[in-house]
Amino acid sequence: MSIPKLAERVVKPTNFCRKYRTLAPNYIKPIDMTIAGTLLLALAGLGFLFFSSSIFGSYQPRGGDYVAGYAWGVILFFLAFLGILLIASLLIAYRGGFDWLSEHTAAKYLLLLFGLISSVSAAALSAMFRNEPDAAAVSIRWFSGFAPILIPVLLLLAGVVLNNESLRNSLPPLTYKIPLHLGFWLGLLINGLFVRALVVQSSANAQARVEETLAFQDKNHQRMLQEIDSCDVSKNMVFILVMTDANQDKEVRERAVAKVKTHPQWQQELIRILGTGYASEAFNFLASNEVDDKSLFPEAIRTGIAQQAAQFRESIRRSSHSSHFYPERFLWETERVLRTVERFRDQGTDFTPAVKELRAALDEPSDVEKSSMKAEKVLDEWLKKAK
């Protein structure tokens with residue numbers, strides 16, 4: 001037997017199939033959508049009774065893990081409640097129960113979806129925040145005494161009428177339109193008040209953060225001025241050199257520079273500091289401020305760059321984790337070294353070998369993985385231009 005003929009015999013209906021295929025509709029009836037809708041509404045109603053007795057018949061927790069549990073309980077219930085109502089509403093809409101919303105099918109279903117979500121979310125918000133003290137909760141607290149119960153009841157009552165076609169046709173349309181409109185507009189009002197309160201609260205929080213930042217900056221500003229005024233530059237000048245950098249507030253910088261120059265031998269003190277482990281502090285001053293006699297500094301600057309390179313190497317060797325090699329590491333010190341070099345290039349000193357030594361220091365081996373640092377790129381670009 002050929003394959004086509006064999007296939008024809010396999011798929012060809014038998015006499016038994018032909019006989020009972022026409023009889024099947026008489027014995028296998030489709031699911032009655034009215035019954036299905038009734039069962040769904042009954043399930044939603046029973047769940048609502050259990051839920052409402054739980055949240056309004058007991059004390060709402062105000063602290064600890066119980067608050068989170070209560071909130072999640074409210075969210076999960078109303079999500080389930082919304083899901084059941086959506087399915088029941090689709091069954092009702094399929095049988096023409098919501099044709100009065102709009103002549104256009106897409107608009108009808110969008111209005112239905114938006115109305116249900118708006119109403120149920122408002123009931124959920126009212127239940128969740130009925131005893132919360134924050135401003136957003138206070139804005140809807142007046143509704144919390146009745147909205148979590150009234151809105152679901154209105155939706156269920158309208159659903160019962162719309163689901164039963166004979167009941168829907170025998171009663172005036174206002175019987176189901178009034179509850180739905182009331183639930184929708186009440187939900188819209190609650191949601192609108194809550195969103196408005198959130199916006200106002202967010203704006204107030206942002207303003208408070210700005211004020212807090214300004215207060216901190218002012219406090220820090222006064223602290224630095226006090227440190228400058230109380231500094232004994234004959235012994236501790238190195239500790240206020242960072243305040244002479246160009247990135248500082250004008251008043252702080254000018255006060256710090258003036259204080260430094262009260263030292264009778266302030267230039268010689270800067271030269272001495274360049275030869276120590278505090279060379280980076282001296283570069284803070286030299287990168288942003290003029291000196292009286294530039295000719296005193298070129299050799300000391302080369303010594304300071306060597307000190308800075310030694311600090312880089314030691315710091316890399318001490319690094320114990322790959323996160324220590326963040327992109328901005330050594331960038332501050334590198335930029336101030338190069339700015340200082342640019343200020344003193346007119347003294348006829350070639351700083352290129354010293355800068356190469358600083359760049360080589362960044363290649364110091366480490367026991368942990370090193371990532372690329374911006375200081376490497378800055379030094380490479382400077383050396384490329386210096387050729």
Side-chain angles (χ1 to χ4, degrees), residues 224 228 231 233-316 327-364 373-387:
M224 288 190 290
I228 293 169
C231 178
V233 292
S234 65
K235 299 177 181 179
N236 301 316
M237 189 176 82
V238 66
F239 298 119
I240 64 170
L241 291 178
V242 68
M243 302 178 196
T244 66
D245 190 85
N247 77 315
Q248 296 289 353
D249 178 81
K250 181 180 179 181
E251 182 183 11
V252 170
R253 180 188 175 192
E254 290 179 350
R255 184 85 65 91
V257 171
K259 186 72 173 183
V260 166
K261 292 184 178 181
T262 61
H263 191 299
Q265 301 293 325
W266 63 273
Q267 293 184 116
Q268 286 72 20
E269 179 64 9
L270 285 174
I271 291 171
R272 185 192 68 80
I273 294 172
L274 284 169
T276 69
Y278 292 98
S280 61
E281 303 301 328
F283 284 123
N284 283 323
F285 182 95
L286 295 173
S288 303
N289 303 283
E290 296 293 338
V291 295
D292 294 342
D293 189 354
K294 281 189 173 182
S295 64
L296 298 175
F297 286 89
E299 189 59 35
I301 289 172
R302 289 201 294 186
T303 301
I305 296 174
Q307 286 286 344
Q308 192 70 81
Q311 290 289 322
F312 284 1
R313 291 183 184 277
E314 179 62 23
S315 180
I316 290 173
E328 289 76 22
R329 188 176 185 186
F330 304 128
L331 183 60
W332 173 282
E333 299 90 337
T334 298
E335 288 179 341
R336 273 126 192 96
V337 166
L338 295 181
R339 280 165 51 191
T340 300
V341 167
E342 292 299 321
R343 279 181 172 271
F344 287 84
R345 290 184 78 172
D346 59 354
Q347 296 301 302
T349 301
D350 184 10
F351 294 106
T352 303
V355 175
K356 286 182 178 179
E357 182 182 353
L358 188 65
R359 174 62 181 87
L362 296 180
D363 294 328
E364 179 73 14
M373 294 177 287
K374 293 180 179 179
E376 296 171 339
K377 183 179 180 181
V378 170
L379 287 168
D380 288 339
E381 290 178 352
W382 189 92
L383 290 170
K384 184 178 180 180
K385 292 178 181 178
K387 289 182 179 179

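All residue numbers refer to positions in the sequence shown, counting from 1. Predicted model, so just to flag it, every value in this text is computed and none were measured.
In this structure the side chain of Phe297 reaches within 4.5 angstrom of the side chain of Val291, judged on heavy atoms. Within the 4.5 Å cutoff, the side chain of Leu362 has no heavy atoms near those of the Arg313 side chain. Side-chain contact between Val252 and Ile228 is present, with at least one heavy-atom pair separated by less than 4.5 Å. Proximity of Tyr278 to Phe283: side-chain heavy atoms (C-beta onward) are nowhere separated by under 4.5 Å. Between Val260 and Met237, the closest side-chain pair of non-hydrogen atoms falls below 4.5 Å. Looking at Leu338 and Leu379, their side chains come closer than 4.5 Å, going by heavy atoms from C-beta outward. With a 4.5 Å cut-off on side-chain heavy atoms, Gln347 and Pro298 count as touching.
Lys294 places a side-chain N or O within donor-acceptor distance of the main-chain N or O of Arg343, the cut-off being under 3.5 Å. Remark: side-chain polar atoms of Glu281 are not paired, donor with acceptor, to backbone N or O of Ile273 under 3.5 angstrom. A side-chain donor-acceptor contact under 3.5 Å links Thr244 to the backbone of Leu241.
Closest approach of Gln248 to Val242, counting heavy atoms only: NE2-O, 3.4 Å. Considering every non-hydrogen atom in both Ser280 and Gln308, the closest pair reads CB-OE1, 3.1 Å. Gln265 approaches His263 most closely through the heavy-atom pair N-ND1, 2.9 Å. Here the closest heavy-atom approach between residue Arg359 and residue Asp380 is recorded as NE-OD1, 2.8 Å. A pairwise comparison of heavy atoms in Asp245 and Arg253 identifies O-CD, 3.7 Å as the closest pair. Asn247 and Trp332 make their closest contact through ND2-CH2, 3.5 Å (heavy atoms, listed as atom of the first residue, atom of the second, distance).
Between Ile240 atom CD1 and Cys231 atom SG the span is 4.0 Å, to the nearest 0.5 Å. One finds the CG atom of Leu296 at 10.5 Å from the CG atom of Leu270 (value rounded to the nearest 0.5 Å). In this structure, CG in Asn289 is found 10.0 Å from CD in Glu254, a value given to the nearest 0.5 Å. The structure places CZ of Arg302 at 10.5 Å from OG1 of Thr352, a figure rounded to the nearest 0.5 Å. Between atom OG1 of residue Thr334 and atom CD of residue Glu376 there is a gap of 9.5 Å, rounded to the nearest 0.5 Å.
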Problem - Step-by-step side-chain contact (heavy atoms from CB on, under 4.5 Å) determination, Glu269 to Val233 - result: CA-CA 10 Å; Glu269 179 64 9; Val233 292; over 6 Å; no

Exercise for the section: Show your reasoning for whether side-chain contact (heavy atoms from CB on, under 4.5 Å) applies to Glu299 and Thr349. Expected result: CA-CA 8 Å; Glu299 189 59 35; Thr349 301; 5.8 Å; no

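Under the 3.5 Å distance criterion, with hydrogens and angles disregarded, no donor-acceptor pair is assigned to the side chains of Arg336 and Ser288.
With respect to Leu274, the side-chain contact (heavy atoms from CB on, under 4.5 Å) criterion is satisfied by exactly one of Thr303, Leu286, Ile305, Thr340: Leu286. Here the rule is side chain to side chain donor-acceptor pair (under 3.5 Å) with Ser315, and of Arg329, Glu364, Glu333 only Arg329 fits it.
Salt bridge Glu381/Lys384: absent, no basic N to carboxylate O contact under 4.0 Å. Glu335 and Arg339 are not joined by a salt bridge, as no carboxylate oxygen comes within less than 4.0 angstrom of a charged side-chain nitrogen.
Aromatic ring centroids of Trp382 and Phe351 lie 6.0 Å or more apart.
Using bins of under 30°, 30° to 60° and over 60° for the plane-to-plane angle, the ring pair Phe330/Phe312 lands in the tilted bin.
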